[in-house]
Amino acid sequence: MISTSKWACLLLIMMGSTVLLSGCRQAEQQALYQYSDFLADAFNVPKADREITDFPSKRHLTLASPDRQLTLLESLILKQCDLLYAASDKNQILNKHQGGGDRFLFQVNLIKQLTHCLNTVDTLSPKERAFLSELKIEKQQKRPLYFWQLLFSDNMGYGFFFGHSQLFPLQGHQFSQASLATLKYLNQVKLSQPPSSEAHSAAQLNLHLEVMSRSRYLPSLLMTSEHAIKALDFATDLLVSQGKEIPCHSRRHPMSFNKLKAIFSHRYVALMQPYIATLNSELHQVMPLLAPLFEPIPEAIEAPTRQAIPQILNTQHRLTQASRRHQQQWQQLFTRCQ
């Protein structure tokens, strides 16, 4: 586990790297789109539209508070367990000024305290014990909702997953390992395996989210993969629609097989394919850690967003399928012309 101080140092380093990360990535743009642009020119058609579907907005991922307001009588029952503070209006400050980690661990700790009270306090009446048992069960059932709020209730968590980003670095992301460590940590937290100290875990949790939000690793990887899928599908569709018109042995025709083969060799094999391999390698590590964090999707999330999330979690498969489909088209063209 990375210590809080080391995460804080990493955050300072990343804040100083913002200018470097925010510049235009010309090499990455060439690796993604130069191949499809050259094919479009050869076939004399408009170049590919570079717009991709936006990620779900923070507003569409944010849930209303899942908790109801306790009655005065219920609050007095909590007092017998030294939990009256949990129902106090003053505690609303926690929701306004603390990080997502503090709010989530507050709920986790409340469940533990309710359990302890039920097991140790003998003076509870049957009615009081029934209320506390029901409240504990209610909190346990809502734990996935509290975790969802941890991920998306503030800009820190949302920025880690879907914040605006630049294209994924051609030579790999310098915060790849730190980001994978955060995904593993969040999975442990979701499975009720945070560090033993509540204060320490809250600090760790908030720092993990903040550092990764600033790194833009995950949104960069997902966004760039979407661009790669779009560029590949565009190129494949060109080969499918124009394939029968490609002259195999002409030297002067603008879309002759030899000219297209040169584009394929110099722009796809030399530039785009290695970039896609980098993306696919990163996705291979990320997706098994990312998918469990989104499951189950809360019922309150609107249908368009519920449909978009599985599409995002299927990014690696869609990228692999787009690559395979494109290579199959070239295999058919090679078979016909050689």
Side-chain angles (χ1 to χ4, degrees), residues 20-55 164-174 176 216-248 250-284 286 315-334 336-338:
L20 296 177
L21 291 173
S22 62
C24 177
R25 297 195 179 280
Q26 187 64 30
E28 286 79 2
Q29 291 179 3
Q30 290 179 352
L32 272 180
Y33 280 107
Q34 200 174 66
Y35 169 60
S36 61
D37 286 351
F38 272 54
L39 281 183
D41 289 339
F43 289 114
N44 194 28
V45 299
K47 293 180 174 63
D49 176 11
R50 301 190 181 186
E51 294 294 323
I52 60 172
T53 303
D54 290 335
F55 291 130
H164 174 72
S165 185
Q166 301 290 324
L167 292 176
F168 196 83
L170 198 61
Q171 302 303 321
H173 203 290
Q174 62 178 320
S176 173
R216 296 291 191 262
Y217 165 81
L218 192 55
S220 175
L221 177 61
L222 294 173
M223 181 194 72
T224 306
S225 298
E226 290 295 334
H227 278 290
I229 292 168
K230 184 162 189 175
L232 280 170
D233 286 344
F234 175 82
T236 302
D237 291 342
L238 273 182
L239 294 177
V240 171
S241 62
Q242 306 288 339
K244 294 181 180 180
E245 306 298 325
I246 298 173
C248 290
S250 171
R251 293 181 178 273
R252 297 183 179 181
H253 198 283
M255 59 178 193
S256 69
F257 173 69
N258 285 335
K259 290 182 179 180
L260 295 176
K261 186 170 67 173
I263 295 174
F264 176 73
S265 175
H266 296 297
R267 307 300 167 184
Y268 178 75
V269 176
L271 290 179
M272 191 176 189
Q273 196 171 44
Y275 194 22
I276 290 175
T278 297
L279 298 175
N280 193 52
S281 176
E282 297 289 334
L283 289 169
H284 182 71
V286 164
T315 298
Q316 184 185 12
H317 176 72
R318 292 189 296 113
L319 180 60
T320 300
Q321 289 295 99
S323 298
R324 182 177 295 121
R325 181 169 169 256
H326 187 69
Q327 291 168 10
Q328 288 173 346
Q329 288 303 313
W330 270 106
Q331 289 174 355
Q332 293 178 16
L333 189 57
F334 273 105
R336 181 167 73 85
C337 291
Q338 287 188 334

Gap between atom CG of L39 and atom CG of D237 - 0.5 Å precision: 11.5 Å
side-chain hydrogen bond (donor to acceptor under 3.5 Å, both in side chains) assessment of Q327 paired with Y268: CA-CA 10 Å; Q327 291 168 10; Y268 178 75; 3.3 Å; yes
Closest heavy-atom pair and its distance - T315, S225: CG2-CB, 3.6 Å
Between CD on residue Q166 and CD on residue E28, distance to nearest 0.5 Å: 9.5 Å
Closest contact, heavy atoms only, W330 versus L260: CH2-O, 3.4 Å
Nearest-0.5 Å distance that lies between atom CZ in F234 and atom OG1 in T236: 10.5 Å
Working for side-chain hydrogen bond (donor to acceptor under 3.5 Å, both in side chains), residues Q321 and R318: CA-CA 5 Å; Q321 289 295 99; R318 292 189 296 113; over 6 Å; no
Chi angles and distances behind the side chain to side chain contact (heavy atoms under 4.5 Å, CB included) call for L32, K230: CA-CA 10 Å; L32 272 180; K230 184 162 189 175; over 6 Å; no
Short side-chain donor-acceptor distance under 3.5 Å, Q328 and R325: no
CD on Q242 to CD on Q329, rounded to 0.5 Å: 12.5 Å
Under 3.5 Å donor-acceptor, S323 side chain and L319 backbone: yes
Closest non-hydrogen atom pair between T224 and S220, with its separation: OG1-O, 2.7 Å
Atom CG of D49: over 12 foreign heavy atoms under 6.0 Å: yes
Nearest atoms (heavy-atom pairs only) where A48 meets Y33: CB-CE2, 4.5 Å
Evaluation steps, side chain to side chain contact (heavy atoms under 4.5 Å, CB included), between E245 and F43: CA-CA 10 Å; E245 306 298 325; F43 289 114; over 6 Å; no
Contact check, side chains of L221 and H173, non-hydrogen atoms, under 4.5 Å: no
Shortest non-hydrogen contact between T278 and F168, atoms and distance: CG2-CE2, 4.2 Å
Audit row: K47, D41, side chain to side chain contact (heavy atoms under 4.5 Å, CB included) steps and yes/no: CA-CA 8 Å; K47 293 180 174 63; D41 289 339; 3.0 Å; yes
Any M223 side-chain heavy atom under 4.5 Å of F55 side chain: yes
Q316: which of V286, N280, L279 passes side-chain contact (heavy atoms from CB on, under 4.5 Å): N280
F264 and H326 aromatic ring geometry - parallel, tilted or perpendicular at 30°/60° bounds: tilted
Donor + acceptor pair across side chains of Y275, Q30 (<3.5 Å): no
Contact summary for D233 and A322, nearest pair of heavy atoms: OD1-CB, 3.7 Å
Evaluation steps, side chain to side chain contact (heavy atoms under 4.5 Å, CB included), between Y217 and E282: CA-CA 10 Å; Y217 165 81; E282 297 289 334; 2.6 Å; yes
Flag side-chain contact, heavy atom, 4.5 Å: T53 against E226: no
Gap separating the CG atom of L271 from the OH atom of Y35, nearest 0.5 angstrom: 12.0 Å
Interatomic distance, Q273 atom CD to L232 atom CG [nearest 0.5 angstrom]: 9.5 Å
